[in-house]
Structures are given as structure tokens and as C-alpha cells.
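Below you'll find the structure, written out as C-alpha cells, and then a few comments.
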Amino acid sequence: PKAMTYADYQQETQQSASLLQSVNVGTIALGARADLVFLQSAAQVELNQAIDWAHLRRMFVGGNVVWDDGEPVVIPAGRLLTNKYRATAG
């Protein structure tokens, strides 16, 4: 399979927000709900460049750190969206 690029990741994020029909998802703003991914990279990257997931430094999901400096962080389960985006216990 093709490696995911920064452009692919951006597009998937925007599509998810659109499918959830929420203005509060898929953006970084005060009061917005966002999952964030922090990668260590060169000062500038091209959108068509493949993401090197070995450079993943920190990931936030629902405001909780779930990945920190190369290690997963155990947190209580959140919600899993399934079947037409119906929230279920995770």
C-alpha cells in the first residue's frame, strides 16, 4: 500500500469532520474538539512527502496524551464510533 502523506492525513481529517457534520471537529481552536499528532520533522515539509511515523513524538486523543516520546500511554477507554457514527462504549 501507498505510504500516507501529510496531504493524505490532512484530507482524512477534513473528511472525518465533514462526515460528523460538526463545526467543532477537525480544527484547532478554543473550545474545539481535536485529536492532535505531533511529529518531529525538518523545519519545512512538503505535503506530498510520506509521513515517517518513527518521528511521532506525542499524540492527544480527546484531550488525553495516548502516545508520548515513543511509548503508548495507557488511559481509560473513550468512545468508538461505529455504524453510521453511532457512539458506543470503548
Residues passing the ring-ring contact (aromatic ring centres under 6.0 Å, His included) test with Y6, sequence neighbours excluded, are none
For W53 and V37, the nearest pair of non-hydrogen atoms, with its separation, is CZ3-CG1, 4.0 Å
Scanning both residues in full, the closest heavy-atom pair of L39 with I51 reads CD1-CG2, 3.8 Å
Here the salt bridge (charged side-chain N to carboxylate O under 4.0 Å, His left out) pairs for residues 40-68, sequence neighbours left out, are R58-D68
